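Hydrogens, waters and symmetry mates play no part in the numbers below; they use all other heavy atoms, side chains included. Note that the structure is a prediction, hence the values are computed from the model and not measured. Numbering of residues begins at 1 and proceeds along the displayed sequence.
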Amino acid sequence: MKNILITGGNSDIAKSLFKRLSKDYNIDAPIRNVLDVTSIDSVDSFVSNKSYDVLINCAGTLYSSLISKSDPSLWINDINVNLIGSYLVSRKVLINNPRAIVINIASTAAYNTYSDWSSYCASKAAVLSYSGCLYKDGYNVYILCPGAIDTKIRNGLDINNDNVMTIDQAISPIEDILNNKYNIGDIIFYRKNELLVKSFESC
């Protein structure tokens, strides 16, 4: 049975993935108190003696604020969790198993700019870019760019969006990756009733 690490274990997506996949995989889905993806020491300690076949970088934050009114610590936290966390965990997992599959979750925001989402858009664009570098370094990486998902990360956002996906819709492409529906290096864009697949091969 393959071993999967899902970061951000307390997130709605991670919890749903755990329920859906735990019959067929050995899954670790640590919460932040156990694995702080922004801490080099925490990542090294948690992953040190483990070999994972699949890493799903689910840990994520979204801080909404105009730049001039933003709290620097919260702005930087988006960068640390969304980008640095994905890098630190991927690095350690790939040291232990260079053939591991890495599934990075960016966002359609990686290709867009939105008012008061600067830290989120910047961090997700960077996740997309760094994932392309992983692919060109020869690693088995896939990247998801979902649209809006009905998770607690949207709590407090004052945005009317008729295209918000359910969590089941959001995790479906992850199951498809595990079932070999996509190719290594694929960039999977999806929103409610929309799907587009590109590849880092052509980027």
Side-chain angles (χ1 to χ4, degrees), residues 5-18 28-47 55-93 102-134 141 143-167 170-171 174 187 189-192:
L5 172 59
I6 305 173
T7 66
N10 201 35
S11 70
D12 295 323
I13 291 176
K15 289 177 180 176
S16 294
L17 280 171
F18 186 88
D28 286 337
I31 62 174
R32 185 169 185 169
N33 289 345
V34 179
L35 172 59
D36 178 355
V37 299
T38 69
S39 162
I40 296 172
D41 290 342
S42 178
V43 172
D44 284 354
S45 175
F46 185 86
V47 183
L55 164 63
I56 305 173
N57 278 310
C58 268
T61 59
L62 191 166
Y63 174 54
S64 174
S65 175
L66 297 176
I67 291 176
S68 61
K69 297 181 178 178
S70 62
D71 178 332
S73 65
L74 295 176
W75 201 99
I76 291 169
N77 186 61
D78 270 9
I79 305 298
N80 283 339
V81 174
N82 299 341
L83 174 61
I84 304 300
S86 295
Y87 154 70
L88 288 176
V89 182
S90 298
R91 170 186 170 274
K92 191 63 180 176
V93 165
V102 176
I103 302 173
N104 285 329
I105 300 179
S107 166
T108 52
Y111 282 87
N112 292 291
T113 53
Y114 301 120
S115 174
D116 74 17
W117 279 26
S118 57
S119 53
Y120 186 76
C121 292
S123 63
K124 292 300 186 180
V127 168
L128 179 67
S129 179
Y130 127 84
S131 299
C133 294
L134 270 180
V141 62
I143 188 158
L144 301 177
C145 294
I149 306 168
D150 185 20
T151 67
K152 61 189 174 190
I153 202 170
R154 296 182 61 80
N155 292 348
L157 298 179
D158 185 21
I159 299 173
N160 183 24
N161 187 338
D162 295 330
N163 294 311
V164 176
M165 292 183 287
T166 66
I167 293 175
I171 67 175
I174 296 175
I187 310 165
F189 302 84
Y190 61 110
R191 296 188 291 189
K192 192 174 183 179

Of all heavy-atom pairs between [X] and [Y], which one has the smallest distance, and what is that distance?
{"X": "Thr38", "Y": "Arg32", "answer": "OG1-NH2, 3.9 Å"}
{"X": "Ile167", "Y": "Ile13", "answer": "CG2-CA, 4.4 Å"}
{"X": "Gly147", "Y": "Arg191", "answer": "CA-CG, 3.8 Å"}
{"X": "Pro146", "Y": "Met165", "answer": "CB-CE, 3.9 Å"}
{"X": "Val81", "Y": "Val37", "answer": "O-CG2, 4.2 Å"}
{"X": "Ile79", "Y": "Ser119", "answer": "CD1-O, 3.7 Å"}

Which distance, rounded to the nearest 0.5 Å, do you find between the [atom1] of [X] and the [atom2] of [Y]?
{"X": "Leu17", "Y": "Ser11", "atom1": "CG", "atom2": "OG", "result": "8.0 Å"}
{"X": "Thr166", "Y": "Asp12", "atom1": "OG1", "atom2": "CG", "result": "12.0 Å"}
{"X": "Ser45", "Y": "Lys92", "atom1": "OG", "atom2": "NZ", "result": "9.5 Å"}
{"X": "Tyr63", "Y": "Ser118", "atom1": "OH", "atom2": "OG", "result": "9.0 Å"}
{"X": "Leu35", "Y": "Thr7", "atom1": "CG", "atom2": "OG1", "result": "7.0 Å"}
{"X": "Lys124", "Y": "Ile143", "atom1": "NZ", "atom2": "CD1", "result": "8.5 Å"}

Using a distance-only test with no angle check, is there a side-chain donor-acceptor pair under 3.5 angstrom linking [X] and [Y]?
{"X": "Asp78", "Y": "Ser123", "value": "no"}
{"X": "Asp41", "Y": "Ser39", "value": "no"}
{"X": "Ser90", "Y": "Tyr130", "value": "yes"}

For this session: For Asp71 and Ser65, run side chain to side chain donor-acceptor pair (under 3.5 Å): C-alpha distance rounded to whole Å, both residues' side-chain angles, the deciding distance at 0.1 Å, then the answer.
Result: CA-CA 8 Å; Asp71 178 332; Ser65 175; over 6 Å; no
Quick one: does any side-chain atom of [X] pair with a main-chain N or O of [Y] as donor and acceptor, under 3.5 Å?
{"X": "Tyr190", "Y": "Ala170", "result": "yes"}
{"X": "Ser70", "Y": "Ile67", "result": "yes"}
{"X": "Thr108", "Y": "Cys145", "result": "no"}

Exercise. Heavy-atom count around Leu66 CG within 6.0 Å, excluding the residue itself: above 12?
Worked result: yes
Exercise. Does CD1 in Ile40 sit with more than 12 non-hydrogen atoms of other residues, nucleotides or ligands closer than 6.0 Å?
Worked result: no
Contact between [X] and [Y] at the side-chain level, heavy atoms closer than 4.5 Å - yes or no?
{"X": "Leu134", "Y": "Asn104", "result": "yes"}
{"X": "Asn82", "Y": "Asn57", "result": "no"}
{"X": "Ile187", "Y": "Leu128", "result": "yes"}
{"X": "Phe46", "Y": "Leu5", "result": "yes"}
{"X": "Phe189", "Y": "Leu144", "result": "no"}
{"X": "Ile174", "Y": "Ile105", "result": "yes"}
{"X": "Phe18", "Y": "Asp28", "result": "no"}

For this session: Kindly state whether the ring of Tyr114 and the ring of Tyr120 have centres lying under 6.0 angstrom apart.
Result: no
Exercise. Is there a side chain to side chain contact (heavy atoms under 4.5 Å, CB included) between Val164 and Lys192 once you walk through the steps?
Worked result: CA-CA 7 Å; Val164 176; Lys192 192 174 183 179; over 6 Å; no
